[in-house]
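This chain uses plain numbering: 1 for the first residue, then up along the sequence.
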Amino acid sequence: MSEPDQEIRDLYRSLSSPQAPFPTEVEPVLDPLPGIRAVVFDVYGTLICSGVGDISLSEEGSRDGIIRELIAAQGLTVRMDGDLSVAFNDAIRRDHADAKTRGTQYPEVDIVEIWRSLFAEFIEGKIDDQQLRQFACEFECRVNPVWPYPGLRETLDILRSSDTPLGIVSNAQFYSPLMIEAFLNATLSELGFDEQLLVWSFEHRLGKPSVELYREQARRLETFHNLQPSECVYVGNDMLKDIWAASQVGIKTVLFAGDERSLRMRETDPRCKDLQPDRIITSLDQLPDLLDQSD
């Protein structure tokens, strides 16, 4: 483990505290799902309980006070009287708009680049790359408290022990994999995740529900494991970003409906109107039992 990455893991451990999911009224559908040879997960709202139900790039409320406090802790000076959180959101919107003009329907930002642009424009003083990474991580921890869902480690251990390839397709930033490792005190590889099956939105500059992320996952499943999409199941909490998008490439789907904060049914979206996941779970420990590992 590199020292800069370890510093980010340590930040998550020091800035996070336990959270419990808010139960939903959704009934699980736990009939066996045969023929599954790989499992791919969403992260926020599926593996990790999130205070905002997703990775925090939303524009709800002003975070100016938090940003100014974190800047002051770095010994830096702000050259702006207005709301820094507005400037932050504007920078994200500009990045999205630029990407859309280049034909990207669902763009994703690199959050470190966003913060670097804001510091260059509004902050007096120098900050190095690792300080900027720590700043971005601490801001995320402050505005979006996170904690593993109950049964996460046990579920991953069961799947890993059955030699099931594990992957991820997630809206994420650089700190997202380090967050998981911090909470479970193990590398993603040690937890059973195949490095070849990790598809992070910020690395592709594409966000869900871009089907391209799932096509990329399907390509990797075939290339590295000789698996077809129908032999993989994707587990996520969002009917559009997770269930609809994965189903477009033929991947089977399991809706995680275990937390009211993160569950997104998307009932008004025409793509989800008549859509049903293959199965529904309300806790992670239900997942291994519905997967037929006998073939």
Side-chain angles (χ1 to χ4, degrees), residues 4-22 42-93 95 108-149 152 170-185 200-202 207 237 259-262:
D5 286 351
Q6 188 57 47
E7 289 175 350
I8 300 300
R9 296 184 188 94
D10 291 342
L11 266 178
Y12 264 104
R13 293 190 186 106
S14 65
L15 296 174
S16 303
S17 57
Q19 294 190 70
F22 295 174
D42 171 49
V43 172
Y44 294 92
T46 300
L47 299 182
I48 301 296
C49 180
S50 161
V52 300
D54 202 345
I55 191 168
S56 176
L57 294 179
S58 65
E59 302 180 12
E60 296 180 4
S62 173
R63 282 94 178 248
D64 180 72
I66 295 174
I67 298 173
R68 289 178 181 273
E69 182 181 333
L70 293 176
I71 290 171
Q74 297 284 342
L76 304 175
T77 303
V78 180
R79 300 191 302 258
M80 178 187 180
D81 294 329
D83 191 321
L84 284 168
S85 64
V86 172
F88 174 73
N89 292 328
D90 285 345
I92 292 175
R93 280 195 294 270
D95 191 281
E108 177 67 284
V109 301
D110 181 328
I111 203 65
V112 175
E113 291 182 5
I114 295 296
W115 284 118
R116 183 178 288 114
S117 69
L118 258 69
F119 272 63
E121 185 172 1
F122 298 118
I123 309 304
E124 187 173 329
K126 292 185 178 180
I127 184 169
D128 63 32
D129 285 348
Q130 179 59 7
Q131 289 174 315
L132 200 58
R133 279 163 46 94
Q134 291 175 331
F135 182 97
C137 175
E138 187 162 354
F139 177 77
E140 176 71 11
C141 288
R142 294 279 295 272
V143 303
N144 185 24
V146 287
W147 196 256
Y149 277 117
L152 173 56
S170 180
N171 283 349
Q173 292 296 327
F174 78 91
Y175 40 68
S176 303
L178 302 175
M179 167 191 69
I180 300 170
E181 294 180 343
F183 287 143
L184 300 186
N185 198 30
W200 307 105
S201 63
F202 78 100
N237 59 284
D259 190 346
E260 186 66 36
R261 285 170 297 191
S262 67

Where do Arg9 and Asp5 land on the side-chain contact (heavy atoms from CB on, under 4.5 Å) test, with the steps shown first?
CA-CA 6 Å; Arg9 296 184 188 94; Asp5 286 351; 3.6 Å; yes
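- When all heavy atoms of Cys49 and Asp259 are compared, the pair lying nearest together is SG-OD2, 3.6 Å.
- Within the model, atoms CZ of Arg63 and CG of Asn89 stand 7.5 Å from one another, a figure rounded to the nearest 0.5 Å.
- Annotation: the span from Ile55 atom CD1 to Ser170 atom OG amounts to 7.0 Å, rounded to 0.5 Å.
- To the nearest 0.5 Å, the span separating CD1 on Ile111 from CZ on Phe174 amounts to 9.5 Å.
- When all heavy atoms are compared, the tightest approach of Asn171 to Ser201 is CA-OG, 3.2 Å.
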Give the intermediate values and the outcome of side-chain contact (heavy atoms from CB on, under 4.5 Å) for residues Arg133 and Val112.
CA-CA 6 Å; Arg133 279 163 46 94; Val112 175; 4.2 Å; yes
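- Taking the side chain as every heavy atom from C-beta outward, Leu11 and Cys141 never approach each other to under 4.5 Å.
- Smallest separation of non-hydrogen atoms from Tyr175 and Cys137: CD2-CA, 4.0 Å.
- Of all heavy-atom pairs between Val109 and Ile114, the closest is CB-CG1, 4.0 Å.
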Passes side-chain contact (heavy atoms from CB on, under 4.5 Å), Glu140 versus Tyr12? Steps please.
CA-CA 10 Å; Glu140 176 71 11; Tyr12 264 104; 3.8 Å; yes
Are Tyr44 and Asn144 close enough, and set up right, to give a side-chain contact (heavy atoms from CB on, under 4.5 Å), and what steps lead you there?
CA-CA 10 Å; Tyr44 294 92; Asn144 185 24; 4.3 Å; yes
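- Within the 3.5 Å criterion, the main-chain N or O of Val52 finds no donor-acceptor partner in the side chain of Arg261.
- Side-chain contact between Ile123 and Gln74 is absent, with no heavy atoms from C-beta onward closer than 4.5 Å.
- The shortest heavy-atom contact between Tyr149 and Pro21 is CE2-CB, 3.7 Å.
- Within the 4.5 Å cutoff, side-chain heavy atoms of Leu84 are placed close to those of Ile71.
- Under the 3.5 Å distance criterion, the side-chain polar atoms of Asp95 are left unmatched by any main-chain donor or acceptor of Ala91.
- In this structure, the side chains of Ile48 and Leu152 come closer than 4.5 Å at one or more pairs of heavy atoms.
- Note: Trp115 and Phe88 have parallel aromatic rings, judged against thresholds of 30 and 60 degrees for the angle between ring planes.
- When each of Leu47, Val43, Ile8 is checked for a side chain to side chain contact (heavy atoms under 4.5 Å, CB included) with Met179, only Val43 meets the rule.
- Atom CH2 in Trp200 sits 12.5 Å away from atom CD in Glu108 (nearest 0.5 Å).
- Annotation: side-chain contact (heavy atoms from CB on, under 4.5 Å) contacts of Pro145 (sequence neighbours excluded): Gln19.
- Here OG of Ser16 is found 3.5 Å from CZ of Phe183. Values are rounded to the nearest 0.5 Å.
- Side-chain atoms of Gln130 and Glu7 form a donor-acceptor pair, as typed in the model, at a separation below 3.5 Å.
- Considering all non-hydrogen atoms of both residues, Leu118 and Ala87 come closest at CD1-O, 3.8 Å.
- Annotation: the span from Asn237 atom CG to Ser50 atom OG amounts to 9.0 Å, rounded to 0.5 Å.
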